[in-house]
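Note on naming: letters A, B, ... go to the chains in the order of the sequence lines (proteins, then strands), and numbering restarts at 1 for each one.
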Amino acid sequence: MTIEQIADKVRSGGRVDAAEALRLYREAPTPLLGQLADEIRARKHPEGHVTYIIDRNVNYTNVCVARCAFCAFYRPVGSPEGYVLGFDELFRKIEETIAVGGVQLLLQGGHNPDLPLEWYEDLFREIKKRYPTFRLHALSPPEVIHLSRLSQQTVPDVLDRLMAAGMDSVPGGGAEILVDRVRKLLHCYGKATADEWLDVMRHAHKKGLRTTATMMYGTVETDEERLEHLMRLRELQDETGGFTAFIAWSYQPEHTELQGNEATGIEYLRTLAVSRIVLDNFPSLQASWVTQGGKVGQLSLAYGANDMGSVMIEENVVRAAGASYCMDEVEIVRNIEDAGFSAKRRNMHYDVLGEPIFREREVPRMLELAIAREDGDDSVPAELMNYPARSRAGKQLRVVPS
Amino acid sequence: MTVTAAELASFASSHDIISLGVAADDARRQRHGARTTFVRVADVDAAPGAPIAIPPSTGEVRIVGTPASRAAAVQRVREVVAAAGKTPVSAYSLADLEQLAAAEPVPLRALLEELRDAGLELVAQAPFDQLRDARMAIEQVNIAGLALARLTMEKLPTADIPELYRQIAALQHDVGVIKAFAPLPRSTNPAVPTTGYDDVRRVALARLFIDNIPSIQVDWALYGPKMAQVALTVGADDLDAVSPLDEAEEGRRRAPLEEIRRNIRAAALEAVERDGRFDVR
Ligand code: SF4
């Protein structure tokens, strides 16, 4: 098939196979990819809305045993820079989030061997007790697998316990590229193989949880492997229909073991557009302004994205790898409207919650994203003493001096 | 593809930046093909006696800042020209020189001739929105035997884009010496930065409306790799203000030359390095 024939197939609502998608990805002019992706977006979202969510991206710990080669965020067990946030710190963050109209925490963290499943259950229960309508978009598949290993319980059982405690949905982090050759090279095969990541999502969907899916591209994978990633997501979505949205972002190389270069802005827009074309069963695609900046983030709306993601409030992981962009609600809405769409606030299920909050009431401008904790704060939360540690460093921390 | 006046008007008011970008890219390719030029610029301060560092790969030495007086302007040009060797030297904003000439007082042309005699080759920029009389000032540059590195916009224009670009095309029709126009404003309100759509629209419409200026330019340092790269796909063909340092702090992988070539290649374009005279290096 020629590029034009593949394009016609897409225009008429046909589904591209891996070979056709690869040809588009490699050979189609960038504007053509944009036009095709934009047509699909307009078919799926004819109302002309672009949505966003006010939530806070909180990383409860940076201590991690997985040690992925692309990660600038984690600290090894025992590192003086390692932290665990206390319950009170987390409650304070939730209150700050609610004050600016936020509706959920995106809660993810390192694989900390000193935080047992009970710590999560107690935290989630307490959050739900204090803030009953506040949502927990929590724990990506590799974290669920880590907890399954730590607690020696099956993934479905871990999910049941977390759901009973208050987990509302599962973020699609930790997918990187769902091809085991790539995962081995990135040292993230151990935390979850491609099949394991997909299995956690399958279990979550079957239990009625909605989840997102992500792709971190631009490390060591080939074009074919990027497409394989998308195909695997499409297959699972055909099976379960549980994904609400897809988010692609480029690998951020600064301060990582892997190093290398970041993929360019045009590569991002092409990847986004091809994702929209391949993932024809995903309702929403988010723009990754956190990695691309506000300008290319906004241009994403012409390349298939129908959602500006999160106002964020706080961000730690991408910042650790060198990117630090900030857009508060005012700025996100300005960008959406400038692109010719109407801006709507949403929840994790992509239900529209209403118009921008700052048009309803006074909300302080936020010109900088918060961080997990202030530099130099090395306090240890008191409640950690209530949970058994596995690591030597964790055990030492729990010894109360007599 | 030739764009009609009606199409231009509809592009200017549309949110369809993809179709606009396609039309502008078409116009750019008719003129330049895939060729994308860039220049590595070493900035030096306008104050006489200030340090001068000119890395060997520099393609243009640019004196930046406002000269305190006519004598200081001339002295600084002499110092920098002596240090620059064969590398072309550009200096100052034409709007600042207009003001300086008025303050001294001395005819602008006399000031420009003094700078030329001190060894200056190029006036670094002519900010269209800050010049008292753009046509007259640019003609004086030409008559004084100097060249103009680029026409710029200092602020986000309040005039609507088609009207502004018609004025710029008319200016070039009169003066004929503008080699490059940089349509994106050099200073914006950081609390309300321009958007990606806005930048794309300004660059693409510049290429479509101003068909008598050869190059549409984007400032690599000011607009950053991502936006500058996108601009190259919607009408821009020249990148200004690339750092002449071969090694950045982070080491080889962040070297500007490698980064710029990678970005141009990833946009399916061909990188060609030029100097301040627009000669290929
Ligand atoms: S990406 Fe996540 S799992 Fe991997 S090292 Fe970083 S924190 Fe740990």
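By number of non-hydrogen pairs under 4.5 angstrom with chain B, the leading residue of K295(A), E331(A), R270(A) is K295(A). For the set L232(B), D25(B), T194(B), the entry with the most heavy-atom pairs within less than 4.5 Å of chain A is T194(B). Comparing G265(A), G294(A), A339(A), A302(A) by how many heavy-atom pairs each has under 4.5 Å with chain B, the most go to A339(A). Of the listed residues (L299(A), N335(A), V330(A)), the greatest number of heavy-atom pairs within a distance under 4.5 Å of chain B belongs to L299(A). Ranked by heavy-atom pairs under 4.5 Å with chain B, the first of L32(A), I266(A), L269(A) is I266(A).
Of the charged side-chain nitrogens involved, at least one lies within less than 4.0 Å of a carboxylate oxygen, so that R41(A) and D38(A) count as a salt-bridged pair. Contact check on R23(A) versus E27(A) returns a salt bridge, with a Lys/Arg side-chain nitrogen under 4.0 Å from an Asp/Glu carboxylate oxygen. Classification of R334(A) and D338(A) as a salt-bridged pair fails, no side-chain N sitting under 4.0 Å from a carboxylate O.
Looking at Q252(A) and S250(A), their side chains do bring a donor and an acceptor atom within 3.5 Å of each other. T36(B) and R28(B) share a side-chain donor-acceptor pair at under 3.5 Å.
In this structure, the side chains of E262(A) and Q292(A) come closer than 4.5 Å at one or more pairs of heavy atoms.
Below 30°, between 30° and 60°, or above 60°: for Y268(A) and Y217(A) the angle between ring planes is below 30°, a parallel geometry.
With a 4.5 Å cut-off on non-hydrogen atoms, S14(B) does not touch chain A at all. Neither the backbone nor the side chain of V234(B) comes within contact range of chain A; no heavy atom of the residue lies under 4.5 Å from a heavy atom of that chain. Residue contact with chain A, scored on non-hydrogen atoms closer than 4.5 Å, involves the backbone and the side chain of N263(B) alike. Both the backbone and the side chain of T195(B) come within contact range of chain A, judged by heavy atoms closer than 4.5 Å. Contacts between P193(B) and chain A at a heavy-atom distance below 4.5 Å involve backbone atoms as well as side-chain atoms. Residue R201(B) touches chain A through its side chain alone, counting heavy-atom pairs closer than 4.5 Å. Only the backbone of A191(B) has a heavy atom closer than 4.5 Å to any heavy atom of chain A.
Between R186(B) and the choices T152(B), D129(B), D219(B), the side chain to side chain donor-acceptor pair (under 3.5 Å) rule is met once, by D219(B).
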